Amino acid sequence: MIRVLFFARLREQLGTAALELEHDGVSTVAAAREALVARGGEQWQLLCADNIITALNQEVVAGDAPLQDGDELAFYPPVTGG
Amino acid sequence: MIRVLFFARLREQLGTAALELEHDGVSTVAAAREALVARGGEQWQLLCADNIITALNQEVVAGDAPLQDGDELAFYPPVTGG
Amino acid sequence: MTEARTEVRVQQADFDAGRELDELRLQSRRMGAIASFIGVMRDLNEGDSVSAMTLEHYPGMTEKAITTIVGEARERWPLGAVTVIHRVGPLQPQDQIVFVGVAAAHRGESFAACEFIMDYLKTRAPFWKKERTADGERWVEARAGDESAAQRWQEQ
Amino acid sequence: MTEARTEVRVQQADFDAGRELDELRLQSRRMGAIASFIGVMRDLNEGDSVSAMTLEHYPGMTEKAITTIVGEARERWPLGAVTVIHRVGPLQPQDQIVFVGVAAAHRGESFAACEFIMDYLKTRAPFWKKERTADGERWVEARAGDESAAQRWQEQ
């Protein structure tokens, strides 16, 4: 299983803070995004926006980063702290 | 009268923190310096060193700054605060 | 230089900047400079009056991201102790949001590292501000200026 | 912006940096950034161990020179409240020497102004350090690096 997290505006728009995704057939971050859109419907296209950041095990990664069972994958909008 | 002040290393080398100089015939900062050297002797050539700063009424000035009776004139080495 | 301390805290509670500065100062007898920054909640943003704010974060990753940023600063400049504190949860105007304090032997290094850490924290650490205005709540938009502030360190 | 407060103090007593920062922060609800600097006495200079220091100054002119420097900073950047405190008299290693705190709406301005004020204070304000080493007392030499740090602001 991949643990998937959503934050801030994205969390509110999707109405979901966290979910579990089967690891089978989801070998990269990009594949996880596609699986989430396929499963969630049109609203989940939000995950494909240019400015959405992906973090794998709490480090920012690109779409081709490989996923392993037990990974933590986060999607979030541009940060605004400080 | 011109009130003349010396600070830090210069004060110690001259053995003087402050003195009064007659205003008569001392129309500029440079003239005051010459008068002090003439009056004080060789040791006072220290006032002519390139790095000695002159302040007139607490503002840094060059040698051609005019002096008026009652002015406060200071000579001091490069500053090292902060 | 012996291993210098990095302290990173993400917390809901307020902090005492004076105590943090004293701790930075008393860590070493060799550090002549302490530069620090405090981010404060303003009551105005994008021309609108703001009455309150909530800071959301990604627990765990925030601390990790800030620690990485401080590590990058240490590769660029010789630094003494560094402290970064970032608050989360509900905030009011004039509340302290973030503290960055950097000790170094000389002031140029402490200033540069403190500004570097703030510029990177602003654009890399996963915090999000939601503010309350007369029209309701809204997520604060990221500023292009913050990204360019961070980018300029990569050109040096 | 309404007239912002400039506070300049030259004193023998120590200062409470936390209290100064609180005062800067609570002066305004529009200032989101407070950059500050504390200069600390090191126990090492020019490779020699330093056990104590005395700071001499030109009473009256120090305050005037610092106030002028803060005024020049205000011409360059829009600033909120500014506080500068410089100690004089006897000091020990780890003692605080100087505090510069600058409030501004945004952080870039507060950092730049704080560093500008320190660079100018170092090269323009009439203070002199005399330090005690194992070989006796000596006047601290001015650093060329401090002069070039101040000069770089004139090229911008």
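Within every chain, numbering begins at 1; the chains are lettered A, B, ... in the order of the sequence lines, protein sequences first and strands thereafter. Treat the numbers as computed from the prediction; the structure is a model and nothing was measured.
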Starting from the C-alpha separation in whole Å, work towards a yes-or-no answer on side chain to side chain contact (heavy atoms under 4.5 Å, CB included) for I34(D) and Q96(C). CA-CA 10 Å; I34(D) 300 170; Q96(C) 302 185 112; over 6 Å; no
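- Other residues, nucleotides and ligands contribute more than 12 heavy atoms inside 6.0 Å of the CZ atom of R5(C).
- Contact count versus chain C (heavy atoms, under 4.5 Å) is highest, among A149(D), C114(D), G145(D), for C114(D).
- Nearest heavy atoms, R42(C) versus M31(D): CG-C, 4.0 Å.
- Looking at heavy atoms from C-beta onward, R29(C) lies out of side-chain contact with L44(D) at the 4.5 angstrom threshold.
- Contact count versus chain C (heavy atoms, under 4.5 Å) is highest, among V100(D), I97(D), L26(D), for L26(D).
- Interface remark: D16(D) contributes no atoms to any contact with chain C (heavy atom separation under 4.5 Å).
- Heavy atoms closer than 4.5 Å to chain C are found in both the backbone and the side chain of A105(D).
- Dense packing is recorded around CZ of R124(C), with more than 12 heavy atoms of other residues, nucleotides or ligands lying under 6.0 Å away.
- Around atom CZ of R9(D), more than 12 heavy atoms belonging to other residues, nucleotides or ligands sit under 6.0 Å away.
- Options R19(C), H106(C), M41(C), E20(C) differ in how many heavy-atom pairs under 4.5 Å they form with chain D, and the most are formed by H106(C).
- Contact check for L21(C) versus L21(D): side-chain heavy atoms found under the 4.5 Å cut-off.
- Heavy atoms of D119(D) lying under 4.5 Å from chain C belong to its backbone as well as its side chain.
- Shown here for R30(C) and D43(D), the closest heavy-atom pair between the two residues is NE-OD1, 2.7 Å.
- Looking at S28(D), only its backbone comes within 4.5 Å of chain C, counting heavy atoms on both sides.
- Annotation: the span from Q94(C) atom CD to D22(D) atom CG amounts to 10.5 Å, rounded to 0.5 Å.
- Nearest heavy atoms, S110(C) versus F37(D): OG-CE1, 3.7 Å.
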